[in-house]
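Notes to accompany the following structure.
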Amino acid sequence: MEKIIAYTRVSEAVRRKLQQTYDVEYFQNYEYIDNPSFRKALQEAKGIIGLELNVTKELLDLAPNLQIVSNVSVGYDNLDIEVMTERNVMATNTPGVLTDTVADAVLGMMLATARRIPELDQFVKKGEWKEYLQLEHFGTDLHHKTVGIIGMGSIGQAIAKRCYFGFDMDVLYYNRSRKKAVEKDYNATFCNLQDLLVQADFVVLMVPLLPETERMIGEKEFKLMKETAIFINGSRGKNIDEKALYNALINKEILRAAIDVFETEPVNPNHPLLKLENLITLPHIGAATKENELAMSLLAAENLIAGLNGDTPPNLINKEIVRSVIQ
Ligand code: GLV
């Protein structure tokens, strides 16, 4: 049986299915190449399926038989695509299946921040609700406000749809290219980043992590936002400058924020951001629901099996290796 490594988030049902054909070694936690049993598994592995494994040159040096890394995620900033391509290792991801799930999570963060849901939940549970509520406890409306979506890929579009049809919001967007269908379907307005930051009540960051998006939201960008603005990061922690977010929140340059992602994950419990009352956090869980974990794992398994069988995986990222590896 060919050896494959399953890493962190791969649904149990899918692991069982893979075990019928492959010798599957499962690493449930964030193991890395300093762990001898992980190094040993890498020596033999033909495929890796999982979430957030940093596939670097160093790791590839330890994995001479590796043919494919199948990410159980749409983002693939954990993969060094250039080196993988040089070494004819296929890279795949899971676009599409998670779009609505992530968009739901972003809307959840928008509502929770606007209406201060986690904070008020604590207020009630701690027995602090003793009198008629005053203005200091009130949140802000979501409906009929302006959302500015940075990154109009399929998740950005699903967010725009919810904002437009569900909450009667005006939609602004900034993207590498114009999306005429979004403009037509959700009455969205294409604008430059500066105009979006100045005008939006809700600024939603939904771009992949690339060299050109890294830290794209920093001190200057937070200063451009309204003092009443709510900032949501559903993308990657490294797309923002966390120190600048901290300063913007503590100095009340923006009203509140919600983030699903951090520069380093799992986040250090002493991270200064975690002390802020006007910030809601999630543990990078936007794509992870019970239903979607299975859907993503199934798609990732389909990619893995296709690659190991010598077929073109449906979601191959480094298509340039097709000619040399896949017939
Ligand atoms: C989640 O963050 C993903 O990239 O799928």
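Note that ligands are numbered from 1 as they come in the structure, with each ligand's atoms numbered from 1 the same way. Computed from heavy atoms alone, side chains included, the values below leave out hydrogens, waters and symmetry copies. None of the values given here were measured: they were computed from a predicted structure.
For the pair Met216/Leu205, a side-chain contact is recorded, criterion being any heavy-atom separation below 4.5 Å from C-beta on.
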| Check against side-chain hydrogen bond (donor to acceptor under 3.5 Å, both in side chains), Thr92 and Asn315 | CA-CA 5 Å; Thr92 63; Asn315 306 109; over 6 Å; no
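Counting atoms of ligand 1 from 1 in the listed order, those under 4.0 Å from a heavy atom of Ser73 are 3 (C), 4 (O), 5 (O). Those atoms of ligand 1 that come under 4.0 Å of a heavy atom in Leu98, given as number and element, are 5 (O).
Remark: Asp23 does not engage Lys46 in a salt bridge, criterion side-chain N to carboxylate O under 4.0 Å.
Of all protein heavy atoms, the one lying nearest to atom 2 (O) of ligand 1 is His284 NE2, 2.7 Å. Taking atom 5 (O) of ligand 1 as the reference point, the nearest protein heavy-atom neighbour is Val74 N, 2.7 Å.
Judged by distance alone, the side chains of Tyr173 and Glu183 do bring a donor and an acceptor atom under 3.5 Å apart.
Ring-plane geometry between Tyr30 and Tyr7 is classed as perpendicular, the angle between the planes exceeding 60 degrees on a 0 to 90 degree scale with a lower cut at 30.
Geometrically, ligand 1 and Gly75 share a nitrogen or oxygen pair separated by less than 3.5 Å.
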